[in-house]
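Chain A is the first sequence line, chain B the second, and so forth, proteins listed ahead of strands; every chain is numbered from 1.
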2 protein chains.
Amino acid sequence: MSVPGMRRRRGPRRALTDDEILDAALDLLDEGGPDAASVRGIAARVGVAPNAVYTYFPDKAAVIKGLAERLLGGVDHDVFADRERPWRERVEALALELRAHLSAHPGAVPLMIGGPMDGPHALALNERLLQLLVDAGLDATEAAQASYLLIVYVFGSIALEVADVHRAGPLPSEPERVATRLVAFSAIPTGGFPRSAEAAATMAGYVSTEQYLWGLRRILDGIAARVATAGDVTERAAGPDGLQPAELWGQPGPPGAHPA
Amino acid sequence: MSVPGMRRRRGPRRALTDDEILDAALDLLDEGGPDAASVRGIAARVGVAPNAVYTYFPDKAAVIKGLAERLLGGVDHDVFADRERPWRERVEALALELRAHLSAHPGAVPLMIGGPMDGPHALALNERLLQLLVDAGLDATEAAQASYLLIVYVFGSIALEVADVHRAGPLPSEPERVATRLVAFSAIPTGGFPRSAEAAATMAGYVSTEQYLWGLRRILDGIAARVATAGDVTERAAGPDGLQPAELWGQPGPPGAHPA
DNA sequence: ACAACATTTGTACGATGTACAGCAAGGGTT
DNA sequence: AACCCTTGCTGTACATCGTACAAATGTTGT
């Protein structure tokens with residue numbers, strides 16, 4: 001990403017750009033994990049003194065924020081933009097695209113979920129998702145709720161996956177990740193936890209993408225039921241994941257809600 | 001990890017306990033946010049030199065890990081232990097209990113999701129959840145998938161909520177949080193994002209707990225569909241563990257029919 | 001009383017984020 | 001062409017962080 005050997009001359013006039021700094025930060029995160037993006041390291045990588053960074057960003061938090069925006073801005077909107085396709089497919093495409101994009105930079109993930117994601121690219125993505133859900137037949141309120149649910153799932157699962165893994169360098173390949181997960185599980189005194197051990201064992205056949213999609217489809221099933229409730233039957237979930245709405249409408253909440 | 005009754009006073013003047021250190025760390029996090037738990041701060045709070053902490057924990061990461069375990073160990077298992085209640089209610093109770101427990105210490109949340117949660121208390125919780133789902137009628141594999149989905153949702157939503165908020169001190173009350181969320185939304189150039197603006201507006205009537213439960217219930221709907229189809233003809237995967245739908249919702253019978 | 005030992009402290013080192021003051025190299029004006 | 005003023009970078013400095021090392025301190029078993 002960054003060009004090596006480029007010498008910077010002393011002087012004013014635009015030696016750096018914001019993007020060069022963000023590139024350097026991202027490179028460092030990819031190589032050394034979440035703690036590797038120090039201001040000094042970034043500056044050294046682009047070939048300037050540490051405090052030169054503060055010409056472009058007010059503080060380190062701003063760099064992180066810029067990085068988050070940059071990552072979100074890199075997701076391919078075309079993947080789920082086709083309004084002719086069923087909405088579930090479109091959401092799945094979006095979820096997979098986001099996961100692929102963020103998993104490529106695991107070191108950056110903890111940093112970006114550490115702060116609010118309210119930049120223009122984040123909002124644009126949210127806007128797309130909301131529109132998609134409205135297209136699917138949800139009213140505005142439920143579309144908002146559903147988008148929140150989906151966002152939580154996508155970012156939450158990536159965050160947990162990244163947290164589980166050795167936090168330096170790029171994410172290992174999926175088979176490797178499954179293996180280390182199993183190692184981690186078996187290294188634990190699972191003696192008293194038979195079901196956890198069993199889960200770890202059966203998990204071997206379900207690599208992470210499968211699991212990700214399984215959870216996502218359960219969520220889509222739940223949302224689809226609300227679509228049906230709204231009276232819009234233009235799209236009914238079909239196939240192996242098909243469901244019969246009558247069977248999954250939940251009952252009202254349990255008595256004894258929890259006090260704050 | 002420290003058992004009451006076994007007093008370890010073998011050293012010189014004053015011997016600390018792991019719990020005293022964790023208490024101090026948690027207090028600092030509650031007061032000053034995720035960055036407030038410095039080793040020096042913790043040591044000062046318990047009244048020792050900074051490096052005295054390293055007698056009890058090998059490094060700071062171990063303190064964080066101990067803290068995560070301590071928090072997870074504090075969740076009340078009785079809330080969802082009653083196997084006579086419908087499984088959905090039990091899951092909701094667990095989810096609410098976890099959320100209430102973790103939201104009380106927002107500063108600790110980013111730290112605990114930053115690393116793997118594989119301590120004994122975390123495993124015990126996972127074990128309980130898996131058992132609960134198996135009781136509900138899921139086979140071992142799908143119980144594992146479903147528990148992962150639920151865990152991602154619970155921790156992910158708490159993490160995102162915490163990230164949205166000012167990262168110091170205890171989480172504001174829910175009305176305040178909604179207000180600041182709206183402020184944050186309106187402070188953003190939502191001009192180009194009509195649906196996001198609309199979502200922010202309609203969100204006012206749906207405080208965070210409502211939203212949390214809405215998403216959780218969509219997930220439960222999706223999982224319930226798997227329970228219902230577990231013994232179905234279309235999906236022969238059930239095999240020897242196949243259960244009859246009648247037993248799946250517990251003794252009370254199909255959803256909506258069980259008595260309070 | 002003595003020795004073994006567990007615990008705490010003093011000191012120190014390297015790394016981090018960032019504030020402050022100055023210096024160099026344009027562009028704009030004359 | 002000579003000025004200066006703005007812009008961008010550097011040098012230096014400080015507080016704070018995690019933590020390693022050895023010395024000091026007190027407790028306990030013999």
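What separates CG of B/Asp35 from P of C/dT18 is a distance of 11 Å, to the nearest Å. Rounded to a whole Å, the CZ atom of A/Arg40 is 11 Å from the C1' atom of D/dC14. In this structure, A/Ile21 atom CD1 and D/dG8 atom P are separated by 12 Å, rounded to whole Å. Following rounding to the nearest Å, A/Leu111 (CG) and C/dT16 (P) show an atom-to-atom distance of 14 Å. Atom C1' of nucleotide C/dT8 and atom CZ of B/Phe57 are separated by 16 Å, given to the nearest angstrom. Rounded to whole Å, atom C1' of C/dA15 lies 14 Å from atom NZ of B/Lys60. One can place CG of A/Leu16 at 17 Å from P of D/dT7, the figure rounded to the nearest angstrom. The interatomic distance linking A/Asn51 (CG) with C/dC23 (C1') rounds to 13 Å, in whole Å.
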>> Please evaluate residues A/Arg45 and A/Asp23 with respect to the criterion salt bridge (Lys or Arg N to Asp or Glu O under 4.0 Å), reporting the C-alpha separation (whole Å), side-chain torsions for both, the decisive distance (0.1 Å), and the verdict.
In response: CA-CA 10 Å; A/Arg45 189 155 190 118; A/Asp23 280 339; over 6 Å; no
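One finds no side-chain N or O of A/Thr55 lying less than 4.0 angstrom from the OP1 or OP2 phosphate oxygen of D/dG8. Here B/Tyr56 reaches the OP1 or OP2 of C/dT8: one of its side-chain N or O atoms lies under 4.0 Å away. Between A/Tyr54 and D/dC9, a side-chain N or O to OP1/OP2 separation shorter than 4.0 Å is absent.
Checking A/Glu127 against B/Ser196 by side-chain atom types alone, a donor-acceptor pair falls below 3.5 Å. Looking only at atom types and distance, the side chain of B/Ser157 has no donor-acceptor partner in the side chain of B/Arg99 under 3.5 Å away.
In terms of position on DNA chain C, the residue among A/Gly41 and A/Pro58 whose nearest nucleotide sits closer to the 5' end is A/Gly41.
In this structure, the nucleotide among D/dT10, D/dT19, C/dG17 sitting nearest to the side chain of B/Val39 is D/dT19.
B/Leu98 places a side-chain heavy atom less than 4.5 Å from the side chain of B/Leu72.
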